[in-house]
Colleague: 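The structure that follows is given in the form of structure tokens.
None of these values were measured; they are calculated from a predicted model. Only this structure's heavy atoms are used, side chains among them; waters, hydrogens and symmetry mates stay out.
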Amino acid sequence: MKRQKKVFVFKYQYPSSSFFFISCSSVFLLIMAASNLSTLCSSSHSKPSSFPLFNTQSFSVNSNTVFLNNTNSFQTLLSHSTHNPRYTLPLPCTKTTNTFASVNDDEKPREECGVVGIYGDPEASRLCSLALHALQHRGQEGAGIVAVHDNLFHSVNGVGLVSDVFNEAKLSELPGSCAIGHVRYSTAGHSKLVNVQPFVAGYRFGSVAVAHNGNFVNYRSLRAKLEDNGSIFNTTSDTEVVLHLIATSKHRPFLLRVVDACENLKGAYSLVFLTEDKLVAVRDPFGFRPLVMGRRKNGAVVFASETCALDLIDATYEREVNPGEVVVVDHTGIQSLCLVTHQEPKQCIFEHIYFALPNSVVFGRSVYESRRKFGEILATESPVECDVVIAVPDSGVVAALGYAAKAGVPFQQGLIRSHYVGRTFIEPSQKIRDFGVKLKLSPVRGVLEGKRVVVVDDSIVRGTTSSKIVRLIKEAGAKEVHMRIACPPIVASCYYGVDTPSKEELISNRMNVEEIRKFIGSDSLAFLPLDTLKSLLEDDAPNYCYACFSGKYPVQPDELKPNSLNKLDWEDAFNGSLKPIEDEVWARNQEAGNNIVSV
């Protein structure tokens with residue numbers, strides 16, 4: 001009688017109630033290939049294990065079926081996809097209905113992540129959750145904290161806001177005086193629980209947790225090379241590459257493993273690592289993303305993406321982690337070393353335009369003061385007769401205050417933002433025009449009616465939301481609407497950890513200023529000139545990255561393409577030309593100071 005090949009059936013809970021079938025031999029190969037690294041899952045407590053893929057999960061065998069007790073574990077095991085199509089294991093899709101309308105149509109560039117690291121405080125995890133709350137604006141898709149106590153790593157992460165993921169019960173599962181935390185908005189990797197950081201892994205000489213803010217432009221080639229050498233990836237996040245590079249390094253000391261890993265990375269990264277006895281902070285040689293260091297009164301050392309996180313937990317700001325610097329904190333004190341030969345910094349200018357909170361100090365400058373000056377420049381270089389100045393809340397408020405003060409015109413709240421709108425909302429069967437924007441922004445008729453209104457916003461990306469805002473203000477009775485944008489036109493995508501549309505979707509790449517004005521329906525439109533922005537930064541101007549305004553990248557993104565956002569909302573009547581504007585044409589317009597048009 002012919003012998004039949006046994007098959008394991010892995011079953012888990014998922015919206016589509018799907019099953020995956022994998023042969024015994026395939027599972028064995030997956031486990032053996034992953035022997036150099038083990039990625040741990042949510043709510044885990046672990047030391048390095050000889051059975052890495054099931055480090056914290058129990059499983060029972062019944063006949064030919066394996067039922068994993070932790071449903072997230074199986075998703076972690078099978079959600080990876082190698083560069084070889086034969087071993088790709090698809091995840092089931094979840095069908096959505098049209099009764100739910102997305103209200104997340106801000107179309108703004110979205111910040112990638114926020115990170116926190118704390119060493120030497122008995123309430124490290126609680127302080128970490130507070131610091132993550134202060135950094136919530138940098139990512140709302142997921143949050144996680146890893147703490148270490150008695151050489152055991154304790155991990156809690158989840159999808160949603162910090163307040164959704166952490167409560168007293170969860171924080172009690174995170175003992176220890178050292179912790180790192182992360183809030184996520186995905187730029188590389190899907191929005192799934194398995195991709196929520198920090199990631200924890202066991203390797204030959206111990207365990208390590210990592211949280212990452214940024215994006216690696218050579219992620220694909222690194223992952224392919226690691227997979228060729230037998231590495232198994234459990235997530236679709238580019239951050240996991242760092243763990244594999246550390247695990248496969250030939251060096252014994254952990255610090256040298258970190259340096260070895262970072263020498264292979266290209267792009268933007270601010271990283272915090274946690275081991276059994278160390279907290280390590282690393283910033284890429286160009287310093288694209290911010291990372292600051294502070295200290296609490298009890299001597300605890302704190303690292304965070306922004307100073308606003310230090311303020312909330314009563315930590316005093318000491319300094320930035322310098323570009324290309326590795327800072328190590330352990331029981332002996334603080335050590336610092338240079339990662340690579342010092343590069344000219346290329347710090348992200350959008351931190352000052354949009355991402356960071358106004359009360360933060362980023363790259364040594366007050367974000368509030370930067371935005372106020374942006375507004376003053378707009379009032380000086382692009383004046384217009386008006387009765388009132390309003391902002392598109394919340395990111396346009398400070399620039400609008402600067403504009404109003406310089407122009408001698410009152411600033412008022414002409415748009416009220418709702419802070420209680422989720423990602424989706426049930427829309428009536430009879431479609432409401434501009435539904436998503438109306439849920440978030442409500443015009444104040446008493447401020448707008450019969451007035452010539454200047455509206456200050458931080459940026460225009462695709463233009464669809466701007467057109468809806470202009471229409472909303474005019475429907476509230478405004479006599480004229482003049483848009484003032486507190487940054488230069490965005491003509492290129494970002495590859496350094498900011499989620500922007502493809503170049504083809506950027507309205508300033510396809511249209512000149514007059515065509516954009518017609519598209520959004522305003523009476524005039526002006527952008528902050530790039531040359532003036534650089535003049536404002538004075539001696540620091542060469543230290544910033546302007547790739548999204550110029551298309552000139554400090555690190556060439558040869559492997560990456562930005563995620564394509566939703567197509568243009570064609571319910572907005574299109575009046576302009578879709579013909580792309582060539583780079584040299586745009587350059588001539590910039591040189592001529594052609595940044596304002598009126599009718």
Colleague: Under the rule for side chain to side chain contact (heavy atoms under 4.5 Å, CB included), what residues qualify as partners of Ala405, not counting sequence neighbours?
Modeller: none
Colleague: Hey, does the side chain of Gln140 reach the backbone of Gln136 with a donor-acceptor pair shorter than 3.5 angstrom?
Modeller: yes
Colleague: Under 3.5 Å, is there a donor-acceptor pair between the side chain of Asp284 and the main chain of Ala268?
Modeller: no
Colleague: Mind checking the CG-CG spacing from Leu127 to Leu132? Nearest 0.5 Å is all I need.
Modeller: 11.0 Å
Colleague: Give, for atom CG of Leu279 and atom OH of Tyr119, the distance between the pair rounded to the nearest 0.5 Å.
Modeller: 8.5 Å
Colleague: Got a sec, which residues hit ring-ring contact (aromatic ring centres under 6.0 Å, His included) with Phe374, two or more places apart in sequence or on another chain?
Modeller: none
Colleague: Between Leu245 and Asp260, is any pair of side-chain heavy atoms under 4.5 Å apart?
Modeller: no
Colleague: For residues Val367 and Leu357, determine if any side-chain heavy atom of one lies less than 4.5 Å from a side-chain heavy atom of the other.
Modeller: no
Colleague: Sequence neighbours left out, what passes side chain to side chain contact (heavy atoms under 4.5 Å, CB included) with Val409? Give chain and number order.
Modeller: Cys386, Val389, Ala407
Colleague: Any chance you could lay out the side-chain contact (heavy atoms from CB on, under 4.5 Å) test for Phe166 and Ser125, step after step, and finish with the verdict?
Modeller: CA-CA 10 Å; Phe166 298 104; Ser125 61; over 6 Å; no
Colleague: Has Arg283 got a side-chain atom pairing as donor or acceptor with Pro290's backbone, closer than 3.5 angstrom?
Modeller: no
Colleague: So how far is it from Leu291 CG to Asn213 CG, rounded to the nearest 0.5 Å?
Modeller: 8.5 Å
Colleague: Report the distance from atom SG of Cys308 to atom NE2 of His137, rounding to the nearest 0.5 Å.
Modeller: 5.0 Å
Colleague: Tell me if a side-chain donor or acceptor on Arg371 pairs with a main-chain N or O of Tyr354 at a distance below 3.5 Å.
Modeller: yes
Colleague: Determine whether Leu506 and Val461 make a side-chain contact, defined as any pair of heavy atoms from C-beta on separated by less than 4.5 Å.
Modeller: yes
Colleague: Kindly compute the distance separating NE2 (His133) from CG (Leu312), expressed to the nearest 0.5 Å.
Modeller: 7.0 Å
Colleague: Between the main-chain N or O of Glu505 and the side-chain N or O of Asn509, is there a donor-acceptor pair closer than 3.5 Å?
Modeller: no
Colleague: Pairs in or reaching into residues 294-305: which pass side-chain hydrogen bond (donor to acceptor under 3.5 Å, both in side chains), with residues at least two apart or in two chains?
Modeller: Asp121-Arg296, Asp121-Asn298, Arg295-Glu318
Colleague: With distance as the sole test, does Lys468 use its side chain to make a donor-acceptor pair with the main-chain N or O of Ile520 at under 3.5 Å?
Modeller: no
Colleague: Determine whether more than 12 heavy atoms belonging to other residues, nucleotides or ligands lie under 6.0 Å from atom CD of Glu123.
Modeller: no
Colleague: For Thr307, enumerate each residue passing the side chain to side chain donor-acceptor pair (under 3.5 Å) test, keeping only those at least two apart in sequence or located in another chain.
Modeller: none
Colleague: Less than 4.5 Å apart, any side-chain heavy atom of Asn543 and any of Leu537?
Modeller: no
Colleague: Can you sort out the partners of Val259 under side chain to side chain contact (heavy atoms under 4.5 Å, CB included), two or more places apart, ordered by chain and number?
Modeller: Glu263, Leu337, Leu339
Colleague: With salt bridge (charged side-chain N to carboxylate O under 4.0 Å, His left out) as the rule and sequence neighbours excluded, what pairs involving residues 354-369 come up?
Modeller: Arg365-Asp540, Glu369-Arg372
Colleague: With sequence neighbours left out, what residues match His482 under side chain to side chain donor-acceptor pair (under 3.5 Å)?
Modeller: Glu480, Ser524
Colleague: Where do Ser459 and Ile490 come nearest, in terms of heavy atoms and distance?
Modeller: CB-CD1, 4.1 Å
Colleague: Applying side chain to side chain donor-acceptor pair (under 3.5 Å), can you list everything that pairs with Ser336, at least two apart in sequence or on another chain?
Modeller: Glu325
Colleague: Hey, is the main chain of Val362 close enough, under 3.5 Å, to the side chain of His352 for a donor-acceptor pair?
Modeller: yes
Colleague: Classify the ring geometry of Phe363 against Tyr544: parallel below 30°, tilted from 30° to 60°, perpendicular beyond 60°.
Modeller: perpendicular
Colleague: Is a donor on one side and an acceptor on the other found under 3.5 Å between the side chain of Glu240 and the backbone of Thr235?
Modeller: yes
Colleague: Would you give the length of the straight line joining atom OG of Ser129 to atom CG of Leu174, rounded to the nearest 0.5 angstrom?
Modeller: 9.0 Å
Colleague: Listed by chain and number, what are the ring-ring contact (aromatic ring centres under 6.0 Å, His included) partners of Phe288, not counting sequence neighbours?
Modeller: Phe286, Tyr496
Colleague: Mind checking whether His212 and Phe216 have parallel, tilted or perpendicular rings, split at 30° and 60°?
Modeller: parallel
Colleague: For Leu401, check side chain to side chain contact (heavy atoms under 4.5 Å, CB included) against everything at least two apart and list the hits.
Modeller: Tyr368, Val397, Phe411
Colleague: Do Leu274 and Cys178 have side chains that approach each other closer than 4.5 Å (heavy atoms only, starting at C-beta)?
Modeller: yes
Colleague: Where is the tightest heavy-atom contact between Gly402 and Glu376, given as atom of each residue plus distance?
Modeller: O-CG, 3.5 Å
Colleague: Looking only at heavy atoms, what is the nearest atom pair of Pro323 and Pro285, with distance?
Modeller: CB-O, 3.3 Å
Colleague: For Arg289 and Gly214, work out which heavy atoms get closest and say how close.
Modeller: CD-CA, 4.0 Å
Colleague: Report yes if some heavy atom in the side chain of Ile516 is under 4.5 Å from a heavy atom in the side chain of Phe527; otherwise report no.
Modeller: yes
Colleague: Would you confirm whether Arg417, through its side chain, and Pro393, through its main-chain N or O, come within 3.5 Å as a donor-acceptor pair?
Modeller: yes
Colleague: Side chains of Tyr553 and Val217: does their closest heavy-atom pair fall under 4.5 Å?
Modeller: no
Colleague: Are any non-hydrogen side-chain atoms of Val208 and Leu243 less than 4.5 angstrom apart?
Modeller: yes
Colleague: To check you understand the geometry: which heavy-atom pair defines the closest contact between Val116 and Cys128, and what is its length?
Modeller: CG1-SG, 3.9 Å
Colleague: Determine yes or no for a side-chain-to-main-chain donor-acceptor pair under 3.5 angstrom, with Ser493 supplying the side chain and Lys503 the backbone.
Modeller: yes
Colleague: With sequence neighbours left out, write down each residue that passes side chain to side chain donor-acceptor pair (under 3.5 Å) with Ser270, or none if nothing qualifies.
Modeller: none
Colleague: Tell me the closest heavy-atom pair linking Phe355 and Cys348, and the distance in Å.
Modeller: CE1-SG, 4.3 Å
Colleague: Ion pair present between Arg138 and Glu351, side-chain N to carboxylate O less than 4.0 angstrom?
Modeller: yes
